[in-house]
Protein chains: 2
Amino acid sequence: MLSPVCPAAPRPRNAAATRQAMLEAARRQFARESYENVGLREISREVGVDPALVCRYFGSKEALFREVLRHPDDGNFLAGVSAEGVPDYFAGLLTQAETHDTAAKTEWLLIVLRSAGSSHASQIVRETLHERVLRPVARILGGEGAELRASLVLAVLMGGAVLRTMGVESLECEDSGPLHDKLVELLTAAVR
Amino acid sequence: MLSPVCPAAPRPRNAAATRQAMLEAARRQFARESYENVGLREISREVGVDPALVCRYFGSKEALFREVLRHPDDGNFLAGVSAEGVPDYFAGLLTQAETHDTAAKTEWLLIVLRSAGSSHASQIVRETLHERVLRPVARILGGEGAELRASLVLAVLMGGAVLRTMGVESLECEDSGPLHDKLVELLTAAVR
DNA sequence: CGAGAAAGTCATCGATTGTTGACTTTCGAG
DNA sequence: CTCGAAAGTCAACAATCGATGACTTTCTCG
């Protein structure tokens, strides 16, 4: 009721802010549907802007997707977590969704998973997953068969994330009590 | 060089056979890309038939997808496997891809996973996953938190399947030796 | 043989997609 | 105040999608 005559508040013109809003909208939509299933028009509609603008800012849809995939923390996926801390850390990625950081990372995993089978995005997705997650986790774990154990950790994580989006109630975080414990137990077995 | 003048062997007219060929082609393509990423034209091209025919046989793309999802063994996903046999059985689904039966089931899981985030197919996919896999596995496992443990087993399975399609070498079946053992160990921890 | 049903093809529709160039609006610096 | 660059909008493009109805080809049965 604040502006009864101008329903479309023209929002202040700020290129950096709109660009960031586009990135966040794209990230949220890419985490729910696959690459070619997300339309530039839907992204721009969520931001409240013209579809042509997102193409002008990022060059192409593929470039936008690539930039979405660079987020978060452009460098490494893990923030100084030790080999012993891996189970608890990755279990927390699934159970405690309140933290901004963990939510962004599970969202990133969902984006990777959703577009893993997209003809246009699969190659980008595969490379980034290897370089940004699989290899670092394997390096942290160390020992024999490190890459296999890292793959299993990642499998639990991605499988859990996708099942939660499919409405599997047992994986809803709720109070994060027994679920977290069970996940830690499972991930401990994964890292041997 | 058998028929140098007629490059397009007109293939004998058999409605049931072409229908089956369409189903198999659709199944193979839905296992690699998501629902709206698979075109009726590509399916029909793999069969060697006109795109209009697949629409005439199944009514619509959604009906075709629903019928693909009914396969295999329309009833249950598990063939008389006991609670103790669950880890070895599901590990075998990932490691021994040579068997026709296991290959079809992992393919089915991939189809479910690929289209889990498709606006048109997600609802169909969620229901069938719950009714055909999650609930039966939970019933077999029994005990407290059966649904949670079944979800974890399924998470390992789907995560492993999707990572393998992303070129994670550690999960390639190769000789199925240490991978199978490690998977059994992990799934044993999942079922408690 | 020949008629009729079945199997398959062809052309086409409306809708949607990413992308582009020309246009209009806003706003801060001179 | 004004002018020009930045920010954003508009209209339209080529391509692709699922779907439909009319058409042609093939096969079978009497």
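Everything quoted here is computed from the prediction, not taken from an experiment. Lettering follows sequence order; numbering is per chain, from 1.
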- [ ] For the residue pair A:Tyr35 and A:Phe30, categorise the inter-ring angle as parallel (less than 30°), tilted (30 to 60°) or perpendicular (more than 60°).
- [x] parallel
Task: Secondary-structure stems for DNA chain C, with pairs counted as Watson-Crick or G-U when both distances are under 3.5 Å and runs at least 3 long - done: C:1-30 with D:1-30
Task: Side-chain H-bond candidate by donor/acceptor type, B:Glu36 with B:Ser118, under 3.5 Å - done: yes
TODO: Answer whether the closest heavy-atom distance between the side chains of B:Val168 and A:Arg126 falls below 4.5 Å.
DONE: no
Task: Rounded distance [0.5 Å steps], OG1 in B:Thr128 versus CG in B:Leu134 - done: 11.5 Å
Open item on the list: By the side-chain hydrogen bond (donor to acceptor under 3.5 Å, both in side chains) test, which pairs, at least two apart or in different chains, include something from residues 80-89 of chain A?
Closed with: A:Ser82-A:Glu84, A:Asp88-A:His180, A:Tyr89-A:Lys105
Task: Validation row: B:Val125, B:Leu69 side chains within 4.5 angstrom (heavy atoms) - done: yes
Open item on the list: Any residue in residues 111-127 of chain A with a heavy atom nearer than 4.0 angstrom to DNA chain C? Just list them by number, or reply none.
Closed with: none
Open item on the list: With no hydrogens and no angle check, just 3.5 Å: does a side-chain donor-acceptor pair link A:His120 and A:Glu62?
Closed with: no
Heteroatom pairs (N/O) under 3.5 angstrom, protein to nucleotides 28-30 of chain C:
none

Task: Worked check of side-chain contact (heavy atoms from CB on, under 4.5 Å) between B:Leu141 and B:Arg192 - done: CA-CA 10 Å; B:Leu141 288 181; B:Arg192 177 109 55 175; over 6 Å; no
Task: Electrostatic pair B:Glu24-B:Arg28, nearest N-O below 4.0 angstrom - done: no
Open item on the list: Could you tell me if the side chain of A:Leu152 sits less than 4.5 Å from the side chain of A:Val156, heavy atoms only?
Closed with: no
Task: Residues from residues 37-61 of chain A lying under 4.0 Å of DNA chain C - heavy atoms - done: A:Val38, A:Gly39, A:Leu40, A:Arg41, A:Ala52, A:Cys55, A:Gly59, A:Ser60, A:Lys61
Open item on the list: It should be established whether A:Thr18 places a side-chain nitrogen or oxygen under 4.0 Å from OP1 or OP2 of nucleotide D:dG8.
Closed with: yes
Open item on the list: Between A:Arg70 and A:Glu67, does any NZ, NE, NH1 or NH2 come within less than 4.0 Å of an OD or OE carboxylate oxygen?
Closed with: yes
Open item on the list: Are the side chains of B:Thr18 and B:Tyr57 in contact, using a 4.5 Å heavy-atom criterion?
Closed with: yes
Polar atom pairs between nucleotides 27-30 of chain D and protein, under 3.5 Å, N or O only, would you list them?
none

